[in-house]
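Whatever order the structure lists them in is the order used to number ligands and atoms, beginning at 1.
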Amino acid sequence: MNEDKKVLVTGASGGIGRACAVEAAKAGYYVICHYNGSKGKAEETLAQIEAAGGKGELIQFNISDREDCKVKLDEMTAKHGVLWGIINNAGITRDNTFVGLTGDDWDAVIHTNLDSFYNVLSPLVMGMASRKNKRGGRIITMASVSGLYGNRGQTNYSASKAGIIGATKALAVELAGRNITVNCIAPGVIETDMTKAIDPQIYDMIMGTIPMKRAGKPEEIGALAVFLLSEAAGYITRQVITVNGGMQ
Ligand code: NAP
């Protein structure tokens with residue numbers, strides 16, 4: 001059913017991106033799995049896709065490098081044509097209290113997380129929104145509860161994720177007339193390399209704020225992403241959907 005639909009997942013070498021990529025492939029989409037430095041992990045993602053009977057390929061670029069994104073994504077479009085979906089997931093943290101945050105910590109997180117909204121989507125949206133593309137499409141961005149609530153030690157990250165939320169909502173308005181939905185997933189704490197890096201004391205404190213008393217699994221984000229990619233989700237747009245075990 002989805003075999004002629006191609007989906008790009010950025011950060012498919014990481015925990016959440018891998019789950020989104022594998023779940024999308026299981027739903028029949030052809031998945032273009034993006035990575036930056038972790039080629040081996042991206043190859044593992046593709047191997048999991050193929051083991052599940054799915055299809056896809058790899059693509060490499062640095063999401064904070066506008067020119068690199070444009071060159072690689074133009075090549076991808078020349079090869080594959082207009083995509084059905086984009087899961088703009090890749091991102092980083094550089095946590096510290098605000099007084100301890102360096103200019104480099106601030107810039108790295110903003111340039112990676114927020115600038116990538118423009119860097120990745122800009123080369124792709126024109127084709128998706130073209131009048132020739134009659135079937136519409138799906139754009140999913142990855143924010144965080146940190147962008148909604150503001151987390152101690154994450155002023156840079158919270159700013160980048162709040163920015164993604166605003167940009168997602170604005171783009172949803174612009175693309176609604178073309179039947180392209182644009183939604184944002186805001187995960188809470190999900191078991192990946194990113195959260196393994198959290199100080200154990202702080203991690204326990206965070207667990208205390210989660211009514212379900214556990215971290216989420218990457219597949220629990222992947223399941224939502226696959227639903228948002230589906231035809232059935234065609235009237236859901238401009239939304240921020242949190243997946244966080246009831247965290248407030
Ligand atoms: P992860 O396992 O650390 O994966 C991060 C991914 O981002 C990797 O695939 C990495 O690629 C990619 N990436 C980082 N910098 C990049 C760059 N400059 N250019 C291109 N790709 C880059 O993290 P995750 O937990 O899966 O997080 C995925 C997304 O979910 C992020 O946006 C994160 O902010 C968000 N999120 C995560 C959680 C959580 O609890 N885990 C909660 C809320 C939101 P390479 O390794 O190939 O370089």
Exercise. Do S116 and N119 have a side chain donor and acceptor closer than 3.5 Å?
Worked result: no

Exercise. With the threshold set at 4.0 Å, does a side-chain nitrogen-carboxylate oxygen contact exist between R18 and E219?
Worked result: no

For this session: May I ask you to check whether D104 and T102 show a side-chain donor-acceptor distance below 3.5 Å?
Result: no

Exercise. Salt-bridged, E44 to K41, with N to O below 4.0 Å?
Worked result: no

For this session: With sequence neighbours excluded, give me every salt bridge (charged side-chain N to carboxylate O under 4.0 Å, His left out) pair touching residues 131-152.
Result: D4-R135

Exercise. When you look for protein heavy atoms under 4.0 Å from ligand 1, which residues do they belong to?
Worked result: G11, S13, G14, G15, I16, H34, Y35, N36, G37, S38, F61, N62, I63, N89, A90, G91, I92, T112, M142, A143, S144, Y157, K161, P187, G188, V189, I190, T192, M194, T195

Exercise. Can a cation-pi geometry be assigned to K72 and F61, taking NZ or CZ under 6.0 Å from the six-membered ring centre and within 45° of the ring axis?
Worked result: no

